[in-house]
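In what follows, a single structure is set out as structure tokens and then discussed.
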Amino acid sequence: LSILRILDMRTTTFAACLLTSCVLCFAFTSRGDGPAAGGFKPVASVEGLMHGQGLVFKELSSLAANKSAKERMENIEGLSQALAEFANVNTFNRDKEDYKAWAAQLRDTALALSKEAEKDKTADEAQITKLMGQLKNTCQSCHDKYQED
């Protein structure tokens with residue numbers, strides 16, 4: 001890999017990790033037993049959350065495709081959890097039942113991906129590929145209906 005490609009990967013990874021940290025921090029401080037109990041309301045715009053989800057998904061896709069990436073499974077596990085939390089927050093963004101269902105489906109699939117990656121050396125590559133496809137299809141189904149041009 002060229003130096004620019006490595007730097008670009010590090011910058012993207014850093015941005016995704018920073019964004020993930022913010023989302024997870026927000027999620028932990030907004031749990032049902034915390035100050036937001038009973039009145040949770042996302043503070044970010046839907047567009048902002050979708051942008052963050054897109055960055056995490058892009059990094060996940062890159063890692064899923066690059067079987068020689070350093071700490072690959074650990075990073076897939078962490079990014080999948082962050083994607084799941086983004087989707088979890090998105091279940092609160094619209095009152096439309098199909099939107100909530102797609103967000104919940106994305107959350108559950110991302111958590112399944114995280115569990116698979118947690119197996120590290122015994123993780124099933126076919127299952128990772130399948131779950132990545134399901135994530136992509138869920139996003140696309142929702143975007144087909146709700147994403148504005």
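Computed from a predicted model, the values in this text were never measured in an experiment.
Hydrophobic clustering (ILVMFWY, side-chain heavy atoms < 4.5 Å, transitive): Leu49 and Tyr146 are in distinct clusters. In the hydrophobic cluster analysis, where Ile, Leu, Val, Met, Phe, Trp and Tyr join through side-chain heavy atoms closer than 4.5 angstrom, Val89 is grouped apart from Val46.
Among all heavy-atom pairs drawn from Ala103 and Ala87, the shortest one is O-CB, 3.3 Å. For the residue pair Trp102 and Ser141, the shortest heavy atom distance occurs at NE1-CB, 3.5 Å. Between Ser80 and Leu60, the shortest heavy-atom distance links the atoms OG-CD2, 3.6 Å. Smallest separation of non-hydrogen atoms from Thr122 and Glu116: O-OE2, 4.4 Å.
Around atom CG of Asp144, more than 12 heavy atoms belonging to other residues, nucleotides or ligands sit under 6.0 Å away. Atom NZ of Lys100 has more than 12 neighbouring heavy atoms from other residues, nucleotides or ligands inside a 6.0 Å radius.
Side chains of Phe57 and Met132 form a contact here, defined as non-hydrogen atoms less than 4.5 Å apart. The side-chain heavy atoms of Ile128 and Met73, taken from C-beta on, include a pair separated by under 4.5 Å. With contacts defined as side-chain heavy-atom distances shorter than 4.5 Å, the pair Gln105/Gln134 does not qualify.
Residue Leu63 holds its CG atom at 12.5 Å from NZ of Lys58, rounded to the nearest 0.5 Å. Here the CD-CG distance, from Gln53 to Leu83, works out to 6.0 Å after rounding to the nearest 0.5 Å. Between atom CG of residue Asp108 and atom CG of residue Leu131 there is a gap of 11.5 Å, rounded to the nearest 0.5 Å. Between the SG atom in Cys139 and the CD atom in Gln147 there is a gap of 10.0 Å [rounded to 0.5 Å]. To the nearest 0.5 Å, atom CD of residue Glu71 and atom CD1 of residue Ile76 are 12.0 Å apart. Here the straight-line distance linking atom NZ of Lys119 with atom CD of Gln127 works out to 7.5 Å at 0.5 Å rounding.
For the 3.5 Å distance criterion, the side chains of Asn66 and Ser68 qualify, holding a donor opposite an acceptor.
Applying side chain to side chain contact (heavy atoms under 4.5 Å, CB included) to Leu106 and the options Asn90, Asn88, Leu135 leaves one that passes, Leu135.
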